[in-house]
Amino acid sequence: MNRLEIRRPDDFHAHVRQGPLLAQAVPMSNDFGRVLVMPNTVPHVLTAADAKAYREAIVDAGASFEPLMTISIAPSTTPEIVREASVHGVVAGKLYPDGVTTNSEGGVRDLADLEPVFRAMEECGLVLCLHGETPGVFVLDREAAFVETTLPWLVTSFPGLRIVLEHVTTAQAVDAVRAGPAHVGATITVHHLAITLDDVIGDRLEPHNFCKPVAKRPDDRAALVDAATSGDPAFFLGTDSAPHLQEAKECSGGAAGVFTAPLALAVLAEIFEARGALDRLEGFTSVHGADFYGLSPSEETVELVRHAWDVPASIDGLVPFRAGRTLGWQIVRDS
Ligand SMILES: [Zn+2]
């Protein structure tokens with residue numbers, strides 16, 4: 001097979017930034033039909049009004065995708081804020097436990113305090129997106145701790161709440177989602193399907209592969225590839241593409257985040273082909289997530305061709321995932 005046509009994919013987790021970086025980041029996601037935009041700007045997107053303003057800025061920055069807006073579920077969030085957001089088209093609330101990733105300081109400490117907020121989300125049909133790591137736990141064990149303790153509480157306490165465990169990185173998380181009810185799904189990133197912790201710190205430090213949650217063990221990566229290529233509709237693409245300026249990555253105290261958006265489909269095609277699962281790529285990128293969110297899969301299509309190309313060292317000043325490497329598939333763009 002030398003060409004592949006699939007429904008236009010959706011990205012159910014991306015960071016398109018703010019300020020000067022917004023204009024660079026937004027067009028990078030234009031291969032996607034819809035992009036679920038994360039709210040952890042400074043300050044966070046907290047209300048319907050914030051989401052509206054952010055959506056307008058994204059459209060003005062040249063988005064050809066439909067931005068699906070989120071609000072941050074913070075200690076200050078109230079049921080009224082949730083209802084107002086839902087009325088104004090916000091589709092999800094993102095919960096960051098305190099201090100686990102970029103701009104999550106001041107995040108949620110005690111989830112029980114937010115019970116009325118979760119009830120309101122359940123009633124309105126707002127999806128709860130979870131950064132599933134428990135603060136204060138050893139870094140490689142944070143996701144497993146969250147999956148063992150917090151996730152079961154949420155799943156059983158709010159049976160009508162659609163929950164997405166974002167950017168899963170461990171076999172434990174995959175198992176929990178597989179075993180869970182239909183109202184629980186998970187996004188998987190491109191980079192977590194491709195790398196392990198060895199690619200971050202196994203040899204020389206590779207800051208462009210550093211992200212939260214950090215990539216884990218080979219067994220974990222294998223479990224993620226199994227899940228993504230299995231056809232299980234609980235698993236779908238959320239790239240967590242997170243561009244940072246080069247100097248913010250290549251320094252002491254470097255920022256977490258891997259920039260994958262413009263090459264996501266090409267890398268995924270390689271991963272799915274290696275598993276003999278190219279026929280399941282469309283489900284993962286373009287159908288399962290839409291179904292979970294209650295949206296129609298795109299009627300548009302994109303085309304990938306088998307064509308060796310070198311990922312540039314920099315795209316508009318941003319260092320992409322797999323920079324300098326040769327990929328075997330390429331997305332066909334009009335321009
Ligand atoms: Zn993210």
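This is a predicted model, so every value here is computed, not measured. Below, each value reflects all heavy atoms present in this structure, side chains not excepted, and no hydrogens, waters or symmetry copies. Positions are given from 1 along the sequence. Note that ligands are numbered from 1 as they come in the structure, with each ligand's atoms numbered from 1 the same way.
Pairs of residues two or more places apart, or lying in two chains, that qualify as side-chain hydrogen bond (donor to acceptor under 3.5 Å, both in side chains) and include a residue from residues 173-190 are E166-T187, T189-H191, T189-H192.
For the Zn ion (ligand 1), the set of protein N/O/S atoms nearer than 2.8 Å consists of H13 NE2, H15 NE2, D240 OD1, ordered by chain and number.
E5 has a carboxylate O that lies under 4.0 Å from a charged side-chain N of R3, or vice versa, which qualifies the two as a salt bridge. Using a cutoff of 4.0 Å between basic side-chain nitrogens and carboxylate oxygens, R119 and E115 are scored as salt-bridged.
Taking the centre of each ring, F292 and F12 stay at or above the 6.0 Å mark.
Aromatic ring pairs are classed by plane angle as parallel below 30°, tilted from 30° to 60° and perpendicular above 60°; the pair W153 and F158 is perpendicular.
Proximity of L224 to V168: side-chain heavy atoms (C-beta onward) are separated by under 4.5 Å at one or more points.
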